[in-house]
**Student:** 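Take this structure, written in structure tokens, and hold onto it; I'll ask about it next.
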Amino acid sequence: MDFNPPTKSGPRANQDIKVPNVRLIDEEGEQLGVVSTADARQRAYEAGLDLVEVSPNADPPVCKILDAGKLKYREQKKRNEARKKQKIIEIKEIKLRPNIDTHDYDVKMRNARRFIGDGDKVKVTMRFRGREMAHQFLGAQLLDRVKEELDEIAKVEQMPKMEGRQMVMVVSPR
């Protein structure tokens with residue numbers, strides 16, 4: 001039976017620091033120089049705080065006297081803040097037909113501009129039905145018109161191509 005104890009996340013602290021000497025920084029941020037790990041632990045204990053390894057790859061490792069709980073809390077807050085600021089890019093779809101009316105076309109373009117303004121990609125789908133398949137050039141012309149109108153705010157990520165009975169083009173914000 002192979003038993004592995006759970007590994008701790010974050011920087012090593014107190015008894016987990018196994019090196020003989022460390023470069024010590026006290027709770028006010030003052031450099032105290034290179035001291036033995038036992039002496040550094042004792043100073044941290046006397047201050048009522050923890051000895052935390054802040055730079056393990058230095059020679060000797062840099063340790064700081066601070067509250068490990070507060071450090072973990074601050075790092076967790078930082079991670080949550082970074083996750084909040086992430087923008088998930090969605091793909092919005094706009095469906096057109098080759099013989100679309102001008103007002104309907106304008107409404108679709110207004111929606112496309114809004115989607116791109118929000119930072120989303122837009123998939124423009126031109127659907128052909130029945131005899132419209134014989135006039136695919138009309139659909140291609142309409143997609144070219146869409147491309148020209150959105151040119152200043154978006155770039156074409158995927159050029160128009162046929163997929164079955166529909167022609168698809170993807171545009172993304174500049």
**Student:** Answer yes or no: is there a side-chain heavy-atom contact under 4.5 Å between R97 and D104?
**Tutor:**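 No; the side chains remain at least 4.5 Å from each other.
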**Student:** Decide yes or no for L49 and L66: does some side-chain heavy atom of the first lie under 4.5 Å from some side-chain heavy atom of the second?
**Tutor:**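 Side-chain contact under 4.5 Å: no.
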**Student:** I'd like to know if R114 and D120 make a salt bridge, using a cut-off of under 4.0 Å between side-chain N and carboxylate O.
**Tutor:**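 D120 and R114: not salt-bridged.
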**Student:** Work out which heavy atom in P60 is nearest to a heavy atom in N21; give both atom names and the distance.
**Tutor:**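 In this case the closest contact between P60 and N21 is CB-O, 3.5 Å.
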**Student:** After noting the C-alpha distance and the side-chain angles of Y105 and H103, does the key distance pass the side-chain contact (heavy atoms from CB on, under 4.5 Å) rule?
**Tutor:** CA-CA 5 Å; Y105 175 81; H103 179 263; over 6 Å; no
**Student:** With the side chain counted from C-beta on, respond yes when I153 and R174 share a heavy-atom pair under 4.5 Å apart, and no when they do not.
**Tutor:**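 Result no, sub-4.5 Å side-chain heavy-atom pair not found.
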**Student:** Can you see which heavy atom on P98 is nearest to which on G139, and at what distance?
**Tutor:**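 Smallest heavy-atom distance, with atoms named: CB-N, 4.4 Å.
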**Student:** How about NZ on K147, more than 12 heavy atoms from neighbouring residues, nucleotides or ligands closer than 6.0 Å, or not?
**Tutor:**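 Above 12, so yes.
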**Student:** Determine whether a donor-acceptor pair (N or O, by modelled atom type, separation under 3.5 Å) exists between the side chain of K108 and the backbone of K95.
**Tutor:**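 Such a contact is found between K108 side chain and K95 backbone.
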**Student:** What about I100 and F115, same hydrophobic cluster or not, with Ile/Leu/Val/Met/Phe/Trp/Tyr joined at side-chain heavy-atom distances under 4.5 Å?
**Tutor:**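 Yes.
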**Student:** I need the full list of salt bridge (Lys or Arg N to Asp or Glu O under 4.0 Å) pairs touching residues 50-62, with sequence neighbours left out, sorted by first then second residue.
**Tutor:**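 Those involving residues 50-62 are R12-E53.
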**Student:** Consider only side-chain heavy atoms of I, L, V, M, F, W and Y, link residues closer than 4.5 Å, and tell whether M169 and M133 are in one cluster.
**Tutor:**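 Same cluster.
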**Student:** Enumerate, atom names and distances included, each donor-acceptor pair closer than 3.5 Å involving a side-chain atom of residues 30-43, sequence neighbours excluded.
**Tutor:**
residue: S36; atom: OG; partner: D39; partner atom: N; Å: 3.2
residue: T37; atom: OG1; partner: V19; partner atom: O; Å: 2.4
residue: T37; atom: OG1; partner: P20; partner atom: O; Å: 3.0
residue: R41; atom: NE; partner: N14; partner atom: O; Å: 3.0
residue: R41; atom: NH2; partner: I17; partner atom: O; Å: 2.8
residue: Q42; atom: NE2; partner: E46; partner atom: OE2; Å: 3.2

**Student:** Are V171 and I116 packed together at the side-chain level, in the sense that at least one heavy-atom pair is separated by less than 4.5 angstrom?
**Tutor:**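 SC-SC contact between V171 and I116 confirmed.
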**Student:** Output the distance between atom CZ (R113) and atom CZ (R110), rounded to the nearest 0.5 Å.
**Tutor:**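 Nearest 0.5 Å value for the CZ-CZ distance: 9.5 Å.
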**Student:** If Ile, Leu, Val, Met, Phe, Trp and Tyr residues are connected whenever their side-chain heavy atoms lie under 4.5 Å apart, and connections chain through other members, are L24 and V54 in the same group?
**Tutor:**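 No: no chain of side-chain contacts under 4.5 Å links L24 to V54.
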**Student:** Can E157 and K155 be counted as an ion pair, charged N to O under 4.0 angstrom?
**Tutor:**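 Salt bridge flag = no for K155 with E157.
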**Student:** Any side-chain heavy atom of E90 sitting closer than 4.5 Å to one from D118?
**Tutor:**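 Heavy-atom side-chain distance check fails, nothing below 4.5 Å.
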**Student:** Cluster question for you: counting only ILVMFWY and a side-chain heavy-atom cut-off of under 4.5 Å, with indirect links fine, are F137 and L96 together?
**Tutor:**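 As far as the 4.5 Å side-chain criterion goes, L96 and F137 are not connected within one cluster.
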**Student:** Looking at every non-hydrogen atom in both residues, tell me the closest pair between E75 and P11 and how far apart they are.
**Tutor:**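 Shortest heavy-atom separation between E75 and P11 comes out as OE1-CD, 4.4 Å.
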**Student:** Is there side-chain contact between K72 and D67, with heavy atoms separated by less than 4.5 Å?
**Tutor:**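 Side-chain contact under 4.5 Å: no.
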**Student:** Step by step, work out the side-chain contact (heavy atoms from CB on, under 4.5 Å) result for V146 and I94.
**Tutor:** CA-CA 11 Å; V146 169; I94 291 179; over 6 Å; no
**Student:** Identify whether L150 and V156 are in the same connected component of the hydrophobic contact network (ILVMFWY, side-chain heavy atoms under 4.5 Å).
**Tutor:**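 Shared cluster, yes.
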**Student:** More than 12 non-hydrogen atoms from neighbouring residues, nucleotides or ligands closer than 6.0 Å to CZ on R131, yes or no?
**Tutor:**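 Check fails, neighbour count at 12 or below.
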**Student:** In Å, rounded to the nearest 0.5 Å, how long is the span from CE of M159 to CE of M167?
**Tutor:**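 Output value for this atom pair is 11.0 Å.
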**Student:** Flag the pair K123 / K121 as yes when at least one side-chain heavy-atom distance between them is below 4.5 Å, and no otherwise.
**Tutor:**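 Result no, sub-4.5 Å side-chain heavy-atom pair not found.
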**Student:** Taking the side chain as everything from C-beta on, heavy atoms only, tell me whether N80 gets closer than 4.5 Å to R83.
**Tutor:**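 N80 vs R83: side chains touch.
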**Student:** Between R145 and E149, is there a side-chain N and carboxylate O pair less than 4.0 Å apart?
**Tutor:**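 Salt bridge: yes.
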**Student:** Mind listing the closest non-hydrogen atom pair of Q166 and F128 along with its distance?
**Tutor:**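 Between these two residues, the closest heavy atoms are CA-CD1, 4.3 Å.
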**Student:** Any chance you could measure M162, atom CE, to M126, atom CE, to the nearest 0.5 Å?
**Tutor:**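 Here the rounded value is 10.5 Å.
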**Student:** Which value, rounded to the nearest 0.5 Å, describes the distance between T102 atom OG1 and M109 atom CE?
**Tutor:**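 Going from the OG1 atom of T102 to the CE atom of M109 covers 13.5 Å.
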**Student:** Roughly how far, to the nearest 0.5 Å, is CD1 of I25 from CG of L51?
**Tutor:**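 So the gap between those two atoms works out to 10.5 Å.
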**Student:** Provide the closest heavy-atom pair for K18 versus Q15 in the form atom of the first, atom of the second, distance.
**Tutor:**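 So the two residues come closest at NZ-O, 3.2 Å.
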**Student:** Could you walk me through whether E132 and N99 satisfy the side-chain contact (heavy atoms from CB on, under 4.5 Å) test, starting with their C-alpha distance in whole Å, then the side-chain angles of each, then the deciding distance to 0.1 Å, before giving a yes or no?
**Tutor:** CA-CA 9 Å; E132 291 173 349; N99 53 356; 3.7 Å; yes
**Student:** Quick check for you: to the nearest 0.5 Å, what is the distance between E93 atom CD and N111 atom CG?
**Tutor:**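 Between E93 CD and N111 CG, I get 13.0 Å after rounding to 0.5 Å.
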